[in-house]
Amino acid sequence: MFRNVAELVELAISKNKKISEIMIEQEMDVTGRSRDEVLAFMDRNLRVMEEAVERGIKGVKSHSGLTGGDAVLLQKYIEKGNFLSGKTILDAVSKAVATNEVNAAMGTICATPTAGSAGVVPGTLFAVKEKLNPTREEMVAFLFTAGAFGFVVANNASISGAAGGCQAEVGSASGMAAAAIVEMAGGSPEQCAEAMAITLKNMLGLVCDPVAGLVEVPCVKRNAMGAANAMVAADMALAGITSRIPCDEVIDAMYKIGQSMPTALKETAQGGLAATPTGRELEAKIFGIPRV
Amino acid sequence: MKYRSVFDIIGPVMIGPSSSHTAGAARIGRVARSLFGREPKWANISLYGSFAKTYKGHGTDVAIIGGLLDFDTDDERIIKAIDIAKERGIKLRFIEEEAITDHPNTARVIIGDDKGELELVGISIGGGKIEVIELNGFELKLSGNHPAILVVHNDRFGAIASVSNILAKYEINIGHMEVSRKEIGKLALMTIEVDQNIEDKILQELEQLPNILKVTKIVD
């Protein structure tokens with residue numbers, strides 16, 4: 001069983017296998033399930049993600065009215081063709097937003113690694129799909145690669161906003177996505193780890209400050225930028241750029257930052273954007289009473 | 001290592017909006033339901049830390065009740081769980097606790113009916129994964145690394161041996177085991193971590209044994 005990113009990469013290199021394959025083999029080993037069972041289970045999760053993206057880009061609205069409809073706006077904007085950044089990156093952003101808008105509307109999603117950060121991995125996957133035309137098997141493999149990196153973060157740091165802030169949720173999700181994009185694009189296991197490190201470095205310190213305690217503001221837009229971050233970091237790693245700080249040390253830094261983060265900024269809706277005048281006003285309006 | 005499976009990371013499939021505050025909360029409720037063994041008539045839910053501060057926004061309250069009604073994390077009835085519980089005549093009470101707990105997402109669930117009651121403390125550690133840290137006043141120390149079962153039984157000779165014999169019969173190896181009781185001859189609890197996944201039919205077989213009152217799997 002790999003305990004950190006260094007061991008994961010080392011295993012992949014020594015066995016001359018992809019990260020996704022190492023994760024599949026470990027899953028079979030740990031659970032005693034057959035290869036077909038493990039792959040079928042992940043395929044089911046992929047289907048849930050696909051349905052959430054499709055539902056979201058048609059437009060949904062949350063019960064509070066705070067979020068919904070932005071995925072549609074972005075898809076229409078892409079169709080016009082006058083965008084500044086790039087089609088794949090904006091498509092990833094739109095599909096990440098779509099997933100989180102469905103989540104905020106209490107729809108069915110697959111947590112990757114959490115529900116609040118569920119947009120990044122499918123958002124990037126279904127955008128990169130348009131570019132690389134992967135097989136269904138390669139799309140399932142994308143999720144195992146993302147899962148392998150998330151597994152290391154969950155066991156060595158945290159994937160909980162209440163324990164580690166948004167860096168532990170959207171930060172982890174973005175790093176996982178970046179690594180999976182690199183593998184799908186033909187990058188090496190080392191490049192996967194570099195992409196994860198570069199992404200997570202740029203998410204360090206991100207606080208969890210949901211307005212009214214709802215997984216909506218700023219969660220949906222943090223997933224948007226998490227997807228963009230993952231896409232850019234994947235391109236950087238594929239270009240041969242490396243992180244001066246090794247991936248495992250970045251993960252450790254994230255954990256320690258999370259521990260020293262004040263409680264007000266860890267999913268308590270007491271600080272950050274939640275405590276702004278507008279944040280408080282929205283909270284009062286939604287619940288009918290101001291909560292101190 | 002707290003997380004064992006890739007599906008702890010890519011999963012669960014669930015009703016939004018929060019894996020820790022909605023899916024994890026539903027799982028805490030469902031473990032309580034499973035250990036109680038039937039639908040309770042009343043439930044007192046104490047929420048601590050982040051659970052107490054944000055439960056309305058995250059649907060933590062509906063999710064725990066959904067779990068008590070035996071709904072899984074992807075069951076859309078979770079959204080209406082409180083209404084469904086009230087229709088079924090279940091009395092509900094939520095308490096926002098001020099006390100600081102070791103983990104920010106902590107819930108104490110006390111449920112019961114005219115035949116008995118059950119008290120459980122669960123924590124939601126992220127991504128929908130939960131740990132049960134206390135059951136009916138028994139402190140639980142589970143690593144979460146391995147599948148685990150809880151066996152509530154009468155404190156009698158032979159009860160522990162009979163359970164381990166059944167596990168041996170199915171070639172299931174025990175990695176860690178704790179037994180505890182409150183008073184001699186009264187209610188006792190076995191916490192057993194095993195290396196292999198335990199199928200439901202084995203749990204049913206354990207439950208048929210003399211002096212065994214309730215068997216529940218809490219980690220897959």
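We name chains A, B, ... by the order of the sequence lines, and we start the count at 1 in each one.
When side chains are defined from C-beta on, A:Met49 counts as touching A:Thr112, because their heavy atoms get closer than 4.5 Å. At least one side-chain heavy atom of B:Glu117 sits under 4.5 Å from a side-chain heavy atom of B:Trp42. Taking the side chain as every heavy atom from C-beta outward, B:Asn197 and A:Thr31 never approach each other to under 4.5 Å. Here the side chains of B:Ser34 and B:Val31 are not in contact, with every heavy-atom distance at 4.5 Å or above. You'll find the side chain of A:Glu7 stays beyond 4.5 Å of the side chain of A:Met1, heavy atoms only. For the pair A:Thr145/A:Leu143, no side-chain contact is recorded, criterion being any heavy-atom separation below 4.5 Å from C-beta on.
Ring pair B:His21/B:Phe51: centre-to-centre distance below 6.0 Å. Ring centers of A:Phe151 and B:Tyr3: at least 6.0 Å apart, outside the cut-off.
Comparing A:Asn156, A:Ile109, A:Thr268 by how many heavy-atom pairs each has under 4.5 Å with chain B, the most go to A:Ile109. Contacts with chain A were tallied for B:Pro12, B:Gly16, B:Gly59; B:Gly16 has the most, counting heavy-atom pairs under 4.5 Å. Comparing A:Leu214, A:Ile24, A:Val121 by how many heavy-atom pairs each has under 4.5 Å with chain B, the most go to A:Leu214. Ranked by heavy-atom pairs under 4.5 Å with chain B, the list A:Val48, A:Val215, A:Val102 is led by A:Val215. When each of B:Gly49, B:Pro17, B:Ser18, B:Ser19 is scored by its heavy-atom pairs under 4.5 Å with chain A, the top score falls to B:Pro17. Among A:Ala163, A:Ala118, A:Gly32, A:Gly147, the residue making the largest number of heavy-atom pairs under 4.5 Å with chain B is A:Gly147. Your options are A:Ala154, A:Gly150, A:Gly116, and the one with the most heavy-atom pairs under 4.5 Å with chain B is A:Ala154.
Proximity to chain A among residues 78-94 of chain B is limited to B:Ile79, judged by heavy-atom separations below 4.5 angstrom.
Take A:Phe142 and apply the ring pair (Phe, Tyr, Trp, His ring centres under 6.0 Å) test, not counting sequence neighbours, and it matches no residue.
The distance from the CG atom of A:Asn100 to the OG atom of A:Ser62 is 12.0 Å, given to the nearest 0.5 Å.
Residue contact with chain B, scored on non-hydrogen atoms closer than 4.5 Å, involves the side chain of A:Glu27 exclusively. With a 4.5 Å cut-off on non-hydrogen atoms, A:Met106 touches chain B through its backbone and its side chain both. The contact between B:Pro104 and chain A is made entirely by side chain atoms (from C-beta outward), counting heavy-atom distances below 4.5 Å. Only the side chain of B:Ser20 comes within less than 4.5 Å of a heavy atom in chain A; its backbone stays farther off. Both the backbone and the side chain of A:Val38 come within less than 4.5 Å of a heavy atom in chain B.
In this model, no donor atom of one side chain and acceptor atom of the other lie less than 3.5 Å apart for B:Tyr170 and B:Gln196.
Crowding of B:Glu76 atom CD: a count of heavy atoms from other residues, nucleotides or ligands under 6.0 Å not exceeding 12.
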